[in-house]
Number of protein chains: 2
Amino acid sequence: MATHVEQEAGPRIPLSRRRVFQAAVKLADANGIEALTMRRLAEELGAEAMSLYHHVANKEQVLDGVVEVVAGEINDAVDRVGAEVAKPADWKGVVRRRILAAREVMLRHKWAPSVFESRTNMNPEVLRYHDQLVGIMHAGGFTYDQIHHALHALGSRALGFSQEMFNPAPGDSQPVPDMAALAEQIPNLVRMLADVAHDDPDSTLGWCDDQTEFEFGIDLLLDGLDRLRPKRR
Amino acid sequence: MATHVEQEAGPRIPLSRRRVFQAAVKLADANGIEALTMRRLAEELGAEAMSLYHHVANKEQVLDGVVEVVAGEINDAVDRVGAEVAKPADWKGVVRRRILAAREVMLRHKWAPSVFESRTNMNPEVLRYHDQLVGIMHAGGFTYDQIHHALHALGSRALGFSQEMFNPAPGDSQPVPDMAALAEQIPNLVRMLADVAHDDPDSTLGWCDDQTEFEFGIDLLLDGLDRLRPKRR
DNA sequence: ACCTGAACACCGTTCAAGT
DNA sequence: ACCTGAACACCGTTCAAGT
C-alpha cells in the first residue's frame with residue numbers, strides 16, 4: 001500500500017518547488033489529504049522533512065502549490081474545450097462544457113475541493129480560469145456587473161465541485177437508522193427519500209454528489225443567468 | 001485576551017456533553033476554530049484535557065456537538081419565522097425568510113461553515129432543518145423528486161452560508177498586486193473589477209460574501225426552482 | 001547553496017492510577 | 001463514577017551544524 005518511491009540508483013534529482021508540489025498531489029491522490037504531512041512528503045521525495053523548508057516557507061505554501069497544480073490541470077482541460085463564442089447565445093454551452101471538464105479533473109482528485117476551500121489567498125491558475133469565464137460571459141452579452149454577481153452565485157461550482165451537506169465518507173459506516181423513530185422526527189425527509197428510492201431503486205439513503213445532481217444545479221444557475229442576459233433585438 | 005472563565009468559589013459543576021459542546025462553541029466564537037483544542041477546551045471548563053474523554057469519544061464528537069449547538073440555534077431562529085404556507089405560491093417567501101434567518105445565526109459564528117462542511121455524518125438538528133424545508137416545498141406544490149434535486153442545488157446555501165472562492169482572511173495582508181502585470185495576465189477580471197469598483201466605490205478587490213451577493217444567489221436558485229414548480233390550473 | 005540531526009512546542013489520545 | 005498525571009505517537013517548525 002505504501003507509495004514510497006524507491007530511490008533510483010542514478011544521481012539524485014535536486015528538490016524544487018515544482019517537484020515538491022507534484023509529489024504532494026501524488027501523495028494526496030494515493031493516501032488521502034490527511035496523509036499529506038511534511039514528514040511523509042519528504043519521505044516520498046527521498047529527503048528529510050527539514051529539507052522542504054529550503055523550497056517552501058511552510059505547509060500553507062505546499063497547499064497553495066497543490067491548488068496551483070490541480071488548477072493547472074483544469075486549465076489544460078478547459079483549453080481543450082475552447083473558449084470561442086460564435087454568437088452570444090452560445091455562452092451557456094461553452095461555460096457548461098468547461099465546468100464539466102473542470103469537474104472531471106476534480107473527480108480525479110477527490111480530496112481537492114476541501115483544499116481549494118481552505119485557501120484564502122488568490123491563486124494565479126485559479127484567477128486565470130475565472131478570467132476566461134469572465135471573457136466568455138462578456139462575449140455572451142452580460143455586463144461586468146452581472147458577471148460579478150454570476151461568479152459569486154456559481155461559487156465553487158464554476159470550478160466543477162459542490163460541497164455536499166450530506167456526504168457519508170467512504171470509510172465510516174453510519175449506524176443503521178431506526179426507520180420508525182426517524183419517521184416521527186423527520187417525516188417529510190423520510191417521505192421524500194422513499195419517493196426518490198421508488199423512482200430510482202439504485203439511489204441510496206446516503207445520497208452522493210452525483211453527475212445528475214451537479215448538472216441539475218449548474219443548469220438551474222446558468223438558465224437563470226441566461227434569462228438576465230441583455231439581449232440585442 | 002484570554003477567555004478563561006475563572007473558577008467560581010462555589011461547588012464545581014460536573015462536566016457533561018452539553019457543557020462541553022457549549023464551551024466549545026464559546027471558545028471558537030472568542031478565539032477562532034484553530035483555538036478549539038482538547039487541552040484548551042478542558043482549561044475553559046476548569047478541568048484536564050483527559051477528563052473530556054469521559055463525555056466524548058474523541059474530538060470528532062466535539063465537532064459534531066458544535067454543529068448540533070449551532071444548528072439548534074438555527075432551528076430556534078427559523079421557528080420564529082414560521083413555516084405556514086397559506087397558498088402554494090408563498091413557498092418561496094417562507095423559504096427565503098428562513099434561509100436569511102439561518103444566515104444571521106451563521107454570521108454570529110463565522111468559523112461554523114468550515115465545521116459544517118467537515119462533518120460527514122448526519123446531524124439530527126441539521127436533518128430537522130431540512131425536514132421542514134421539504135415540508136414547506138411540498139406545500140408549495142413541488143414533487144418529492146423535485147425537492148430532492150432542489151436540496152442538492154441549494155447545498156449549504158439552504159443553511160445560510162456559501163463558501164466563497166476568493167475570501168481573504170481577516171488577518172493576512174495580501175501583497176499589493178502589480179496592476180500592470182495583472183492586466184496582461186487576467187485582463188477580463190481586471191476590467192470587470194474596475195467596472196464594479198466604478199459602480200460601487202466602497203467595494204474592494206478582495207470581495208466578500210456580502211448580503212447582496214448571497215441574496216442574488218438564493219434568488220437565482222429559488223426563482224429557477226419556482227419556474228419548475230407544477231402549478232395547479 | 002543545499003541538506004540534515006536534534007530539539008522545541010504543540011497536538012490527540014492511551015493507560016494506569018487516584019478519589 | 002468521575003477525574004487526573006505521566007506518557008506515547010504524532011504534528012509543524014527552528015536552529016545550529018554539516019557538505
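To find a chain, count down the sequence lines: A is the first, B the second, and so on, and within it residues start at 1.
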A/Asp64 versus A/Asn121, side-chain donor and acceptor atoms under 3.5 Å: yes
Nucleotide D/dC10, atom P - distance to CD of A/Glu34 in whole Å: 14 Å
A/Phe216 and B/His149 aromatic ring geometry - parallel, tilted or perpendicular at 30°/60° bounds: parallel
Point-to-point distance, once rounded to the nearest 0.5 Å, from CD of B/Glu68 to CZ of B/Arg18: 7.0 Å
Whole-Å distance separating the CD atom of A/Glu43 from the C1' atom of D/dC11: 15 Å
Under-3.5 Å N/O pairs linking protein and nucleotides 13-19 of chain D:
residue: D/dT13; atom: OP2; partner: A/Tyr53; partner atom: OH; Å: 2.9
residue: D/dT13; atom: OP2; partner: A/Lys59; partner atom: N; Å: 2.9
residue: D/dT13; atom: O5'; partner: A/Tyr53; partner atom: OH; Å: 3.4

Salt-bridge present (A/Glu48, A/Arg39; N to O < 4.0 Å): no
B/His55, nearest nucleotide to its side chain (from D/dG5, C/dG12, D/dC3): D/dC3
Intermediate values then yes/no, side chain to side chain contact (heavy atoms under 4.5 Å, CB included), B/Phe116 and B/Val126: CA-CA 10 Å; B/Phe116 269 71; B/Val126 174; 4.0 Å; yes
Row check, B/Phe214 ring normal vs B/Arg103 NZ/CZ: under 6.0 Å, within 45°: yes
d(CZ, B/Arg40; P, C/dG12) in whole Å: 11 Å
Per-nucleotide pairing state of DNA chain D [Watson-Crick or G-U, under 3.5 Å; [ ] pseudoknot-crossing; | other strand]: ||.|||||...|||||.||
Donor-acceptor pair, side chain of B/Arg98 and main chain of B/Leu159, under 3.5 angstrom: no
Most 5' of A/Thr37 and B/Leu52 on DNA chain D, judged by nearest nucleotide: B/Leu52
All ring pair (Phe, Tyr, Trp, His ring centres under 6.0 Å) counterparts of A/His55, not counting sequence neighbours: none
Interatomic distance, A/Leu45 CG vs C/dC3 P [rounded to whole Å]: 10 Å
